[in-house]
Amino acid sequence: MIETLKNAFRNKDIRKKIFMTLLLLLLFRVGCYIPIPGLTMDTFSSAVSGNDFLSLMSGITGSALANGTLFALGIGPYINASIIMQLLTVGIPALERLSKQGEEGRKKITNITRLVTIVLAIIQSVGLIVLFGQTSGAIDTRFLGGNWDGAIWIAGVFMVVVYTAGSCLVMWIGERITEYGVGNGISMIIFIGILSTAGTTIVNKFVTAFTDIPNNLSELWSILAFAVIAVVIFFAIVYVDLAERKIPVQYAKQVRGTKMYGGQSSVIPMKITGSGVMPLIFAYAIISFPSMIMSLVPNWSNALDWWTAEFQQGPAGTGIYYILVLCVLIFAFSFFYAQIQFNPEDVSRNIQQNGGFIQGIRPGKPTAEYLSRINKRITLFGAIFLTLVAFVPSIAFSWAGDDLVNVFSTTGILIVVSVALEFDKQLQSQILMKNYKGFLK
């Protein structure tokens, strides 16, 4: 990785792209500290920290959601819109035909995704204001210049507009990073948000430890233990993330005119973690949704207390119901997302049309059944891995100290590893492309 960065900075064009990426990410971080008039930050932060899923989303936005700043929604609405469009593209034939029309079709789907992002941003903004604004007293109408009728309603509308605009601005920054920078802009924004949240917690821990070293020697040992545990966990996740099953494919020789084609061999790479962190995000969203609904109904306070006690996230106080339900959801969404991403029948059809075959397997339906069987086995191991990641890091980090448990969320660890590896691949591909251009010149 370090050698790749050195080679990248030696090239003028790639160096410009890296600086453009850093500039746009800096713009995103500045927006995470711009306050919104009319919001009582302390009250809003305590309300957000009381919800597991919103705490997870706050970590992805770099604590912007917990602070109620301009980029409080972050890139969340755009991610949800992209997921919805992926699912609709599979289920709606018109969108599926549009996705196969090349660059023009992708542009139309992108425009539809942007419109869905705006709609989801409005819905999420209204949900936040209604759920935590009026019920916890987080809205302060003094910025309107008077206490007249309807002040809270007007302040709520104002904040919905501002949060929606902030989400659209984050979407624009992500698209500009993808177009003019290095790597996927959306992934880079999530990556920098998670690192900033973790970095703030670690810096505060260092400040506390070095304020009075003789009396805070245990704090230094906890930091050292956290560093060792983090290195081991990241190494294990990188090892599994790079693991893949390679299925060899042999192509028969074909004679066309006076030339011979084919006769080559290739592989179909199938990653163990092909679905990424999506099963974890879906599982956390589903398991946190009932608490959000119960908190809106005053008569359900007893049910909310029971749900919070039994479905509390973290190594301490985690109920058996939380563990069982989360495991079932992770397995269910892992297999669901694997079916969307990998279609054995399409892969088998493409192999047969190009004159290829898997050794020992007949082309056509037997090949599709073989690929489906391999995909299910790999998905099973991937689901087991995601289940371990959902619980092991928080338990391991608790050994270093209770205040270091939430430095990296389980989803955050996977995102950081995946984005870092993808960024390295992007730099290597661009360096390779520049070297080819120099050779041709």
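The closest side-chain heavy-atom distance from Phe423 to Leu427 is below 4.5 Å. Using a 4.5 Å heavy-atom cutoff, the side chains of Thr367 and Arg362 are not in contact. Between Leu371 and Phe342 the shortest side-chain heavy-atom distance falls below 4.5 Å. Contact annotation: the side chain of Leu169 never approaches that of Leu27 to less than 4.5 Å [non-hydrogen atoms, C-beta and beyond]. The shortest side-chain heavy-atom distance between Glu175 and Tyr78 falls under the 4.5 Å cut-off. Counting heavy atoms from C-beta outward, Ile192 and Phe28 have side chains that approach closer than 4.5 Å. Residues Glu104 and Lys108 meet the side-chain proximity criterion, which asks for heavy atoms closer than 4.5 Å. Counting only heavy atoms from C-beta outward, the side chains of Ile272 and Glu244 never approach each other to under 4.5 Å.
Salt bridge annotation for Glu179-Lys17: absent, with no cationic side-chain nitrogen under 4.0 angstrom from a carboxylate oxygen. Between Asp346 and Arg349 there is a salt bridge, since a side-chain N of the basic residue sits under 4.0 Å from a carboxylate O of the acidic one.
Using bins of under 30°, 30° to 60° and over 60° for the plane-to-plane angle, the ring pair Phe335/Phe331 lands in the parallel bin.
The two residues Pro363 and Pro366 come nearest to each other via the heavy atoms O-CD, 3.6 Å. Between Phe71 and Cys32 the shortest heavy-atom distance is CD1-N, 3.8 Å. Looking at every heavy atom in both residues, Leu242 comes nearest to Lys271 through CA-NZ, 4.2 Å. Among all heavy-atom pairs drawn from Lys246 and Val267, the shortest one is CB-CB, 4.1 Å. Taking all atoms of both residues into account, the shortest heavy-atom contact from Cys168 to Ile118 is SG-CG1, 3.7 Å. Nearest heavy atoms, Leu70 versus Gly31: CB-O, 3.6 Å.
Remark: the backbone N or O of Pro344 is not paired with any side-chain donor or acceptor of Ser348 at under 3.5 angstrom. Although no hydrogens or angles enter the test, the distance criterion places no donor-acceptor pair under 3.5 Å between the side chain of Ser334 and the main chain of Ala383. In this structure, Ser167 contributes its side chain and Thr164 its backbone to no donor-acceptor pair below 3.5 Å. In this structure, Thr117 contributes its side chain and Ala81 its backbone to no donor-acceptor pair below 3.5 Å.
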Problem - CA sep, side-chain torsions, deciding dist, call: Ile268, Ile351, side-chain contact (heavy atoms from CB on, under 4.5 Å) - result: CA-CA 10 Å; Ile268 302 176; Ile351 293 175; 3.5 Å; yes
Handout entry: Stepwise side-chain contact (heavy atoms from CB on, under 4.5 Å) check, Ile36 with Thr69
Key = CA-CA 6 Å; Ile36 300 299; Thr69 55; 5.6 Å; no
Exercise for the section: Could you walk me through whether Met159 and Ser125 pass side-chain contact (heavy atoms from CB on, under 4.5 Å), step by step? Expected result: CA-CA 8 Å; Met159 282 185 279; Ser125 301; over 6 Å; no
Problem - Derivation of the side-chain contact (heavy atoms from CB on, under 4.5 Å) call for Leu324 and Val328 - result: CA-CA 6 Å; Leu324 292 177; Val328 171; 5.5 Å; no
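Pairs engaging residues 367-378 under the salt bridge (charged side-chain N to carboxylate O under 4.0 Å, His left out) rule: none recorded [sequence neighbours left out].
Of the inter-residue distances, the one linking Leu73 atom CG with Ile122 atom CD1 reads 11.0 Å to the nearest 0.5 angstrom. With rounding to the nearest 0.5 angstrom, the CG atom of Leu24 is 8.5 Å from the CD1 atom of Ile189. Between the CE atom of Met171 and the CZ atom of Arg114 there is a distance of 6.5 Å, given to the nearest 0.5 Å. The CG atom of Leu115 sits 11.0 Å away from atom CG of Leu120, with the distance rounded to the nearest 0.5 Å. A distance of 12.5 Å separates OH in Tyr163 from CD in Gln124, rounded to the nearest 0.5 Å. How far CG of Leu386 is from OG1 of Thr379: 10.5 Å, rounded to the nearest 0.5 Å.
Within a 6.0 Å radius of CZ in Arg15, more than 12 heavy atoms belonging to other residues, nucleotides or ligands are found.
For Tyr33, there are no ring-ring contact (aromatic ring centres under 6.0 Å, His included) partners two or more places apart in sequence or in a different chain.
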